[in-house]
Amino acid sequence: PITGRRKQKIGKAVLQCHGGLINRVNWHYETFPFVQQLRRDEGYCEAKKLLDADGIEPVDDVVVRRTPLSFVDSICEIFATLLAGVCLYIPSPELIEKEGLAGIAHEAERAGATRISCLPSQLQQILRYGNINRWKSLNFAVVSGEPCSP
């Protein structure tokens with residue numbers, strides 16, 4: 001247990017096993033493949049057709065690593081990206097501390113980031129303060145971890 005000054009708190013943790021991580025990465029690859037994967041698996045012309053059909057520019061994906069390392073989702077965010085040969089944009093801790101999610105959104109747009117994972121409340125912050133309309137390279141957002149409000 002984690003003890004505080006006034007009351008005792010029970011810490012929460014999620015144990016990630018090797019097999020579970022492999023399943024999660026494989027699911028991600030099959031369900032939401034990266035542009036680079038589509039090119040390798042389907043060939044350049046077929047990948048372009050598939051992306052055009054979804055209204056996605058056929059540029060290489062760049063993923064924003066935003067999830068803190070203390071969360072199990074960060075492991076998949078890092079390894080699924082790098083094992084697929086995709087660039088991983090890591091915002092500086094100073095940027096996160098000074099400008100928060102709006103700063104991350106601005107810098108990620110400048111870096112050409114195409115994907116981000118975040119909580120629904122964080123997406124609301126990005127939408128409210130980050131001027132999402134300027135983030136032209138963003139194609140894909142994984143929003144999970146808490147209930148989504150309408």
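- Using modelled atom types, no side-chain atom of Arg115 and backbone atom of Leu138 make a donor-acceptor pair closer than 3.5 Å.
- Looking only at side-chain heavy atoms (C-beta outward), Pro58 and Arg39 come within less than 4.5 Å of each other.
- Val62 and Ile78 fall into different hydrophobic clusters, defined by Ile, Leu, Val, Met, Phe, Trp and Tyr side-chain heavy atoms under 4.5 Å apart, directly or through other members.
- Phe32 and Val142 fall within a single hydrophobic cluster, where Ile, Leu, Val, Met, Phe, Trp and Tyr are joined by side-chain heavy atoms under 4.5 Å apart, directly or via other members.
- A distance of 6.0 Å or more separates the ring centres of His28 and Phe79.
- Within 6.0 Å of CZ on Arg110 lie no more than 12 heavy atoms contributed by other residues, nucleotides or ligands.
- In the hydrophobic clustering, Leu38 connects to Val35, Leu50, Leu51, Ile56, either directly or through intervening members, whenever side-chain heavy atoms lie under 4.5 Å apart.
- Judged purely by distance below 3.5 Å, without hydrogens or angles, the side chains of Glu109 and Ser137 never pair a donor atom with an acceptor atom.
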Compile the donor-acceptor pairs under 3.5 Å between side chains in residues 80-98 and protein atoms, sequence neighbours left out, one pair per line.
residue, atom, partner, partner atom, Å
Thr81, OG1, Glu77, O, 2.6
Ser92, OG, Leu95, N, 3.0

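- A salt bridge between Arg24 and Asp73 is absent, with no side-chain N of the basic residue lying under 4.0 Å from a carboxylate O of the acidic one.
- Clustering ILVMFWY residues whenever any of their side-chain heavy atoms sit less than 4.5 angstrom apart, transitively, puts Ile104 in the very cluster that holds Trp135.
- A donor-acceptor pair is defined here as one N or O able to donate and one able to accept, closer than 3.5 Å; such a pair exists between the side chain of Gln122 and the backbone of Leu119.
- Within the 4.5 Å cutoff, side-chain heavy atoms of Leu21 are placed close to those of Ile75.
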